[in-house]
Amino acid sequence: MSFIKKRFSLIMIAMTLCLSACVSQPEQSVYQQLGGQEKVTEIVQNFIYEIEFNETIFDYFKETDIQRFHDKLIEHICVHTGGPCEYTGDTMEQVHTGMQITEADFNLTVDLLINAMTKANIPHRLQNRVLAIFAPMRKQMIYI
Ligand code: HEM
């Protein structure tokens, strides 16, 4: 192989490697980083388990259809983390109006969500991204 051909081949190899490594990939959604539908379902199931074992928070859910809560919460988390779902439940105001959820109980519920994510082996940095999405919703549900 001539010197020119060798140089050309080397440049082609370098360009191919660069195309896969240098071109920046679009960042994955939080939904994808979590592990998609399977992982969101696992988190919600862990969360319901946490609620069932917390007397203070379970008190709010005494009359709740847990299967519906399970299904709508999966849709809700999916949509808000950038997943390919449609939310078919009620608005946060409609659902939580009349519950008079206190700030302390909201924070306690967040702790239960953290436990649920930890049990699903979600890394802490990713947990923080999920919390950053849901924490601002507190305005739509406390003391209403
Ligand atoms: C950012 C935080 C929260 C989110 C994203 C959220 C989301 C949801 C969703 C999607 C539903 C189902 C809606 C439907 O059935 O159409 C729901 C229901 C419910 N949520 Fe929340 N929620 C949050 C915080 C809380 C807190 C702090 C409490 C109480 C301490 C609470 C108590 C309830 C109860 C009791 C229901 C069932 C209502 C019923 O039986 O009809 N939620 N929530």
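Atoms within each ligand, like the ligands themselves, are counted from 1 in listed order. Computed from a predicted model, the values in this text were never measured in an experiment.
Of the protein's heavy atoms, Tyr60 O, 3.1 Å lies nearest to atom 35 (C) of ligand 1. Phe61 CE2, 3.6 Å is the protein heavy atom nearest to atom 36 (C) of ligand 1. Among protein heavy atoms, the minimum distance from atom 5 (C) of ligand 1 is reached at His76 CE1, 3.5 Å. The protein heavy-atom contact nearest to atom 1 (C) of ligand 1 is Phe134 O, 3.4 Å.
Checked by atom type and distance alone, the side chain of His76 never pairs as donor or acceptor with a backbone atom of Lys72 at under 3.5 Å. Under a 3.5 Å cut-off, the side chain of Glu103 and the backbone N or O of Ile142 do not form any donor-acceptor pair. Using a distance-only test at 3.5 Å, with no hydrogens or angles considered, no donor-acceptor pair links the side chain of Tyr49 to the main chain of Ala116. A donor-acceptor pair is defined here as one N or O able to donate and one able to accept, closer than 3.5 Å; no such pair exists between the side chain of Glu50 and the backbone of Leu113. At least one donor-acceptor pair under 3.5 Å links the side chain of Tyr31 to the backbone N or O of Gln37.
Checked against a 3.5 angstrom limit, the closest N/O atoms of Glu63 and ligand 1 fall outside it.
Looking at Ile101, Val110, Leu112, it is Ile101 that brings a heavy atom closest to atom 29 (C) of ligand 1. Here atom 12 (C) of ligand 1 lies nearest to Lys72 when heavy atoms of Arg138, Gln140, Lys62, Lys72 are compared.
Residue contacts with ligand 1 for Thr64 involve both N, CA, C or O and side-chain atoms from C-beta outward (heavy atoms, distance under 4.0 Å). Only the side chain of Arg68 comes within 4.0 Å of ligand 1, judged by heavy-atom distances.
By the 4.5 Å heavy-atom criterion applied to side chains, Phe69 and Ile51 are counted as neighbours.
In Glu55, the CD atom is not crowded: 12 or fewer heavy atoms of neighbouring residues, nucleotides or ligands sit closer than 6.0 Å. Environment of CD in Glu38: sparse, with no more than 12 heavy atoms of neighbouring residues, nucleotides or ligands closer than 6.0 Å.
Ligand 1 lies less than 4.0 angstrom from a heavy atom belonging to Met99.
The side-chain contact (heavy atoms from CB on, under 4.5 Å) test with Leu112 is passed by exactly one of Asn54, Ile48, Asn46: Asn54.
Residue contact check: Gly89 has heavy atoms under 4.0 Å from atoms 16 (O) of ligand 1.
Distances from atom 21 (Fe) of ligand 1 under 2.8 Å pick out these protein N/O/S atoms: His96 NE2.
Distances from atom 21 (Fe) of ligand 1 to the protein include at least one heavy-atom value under 4.0 Å.
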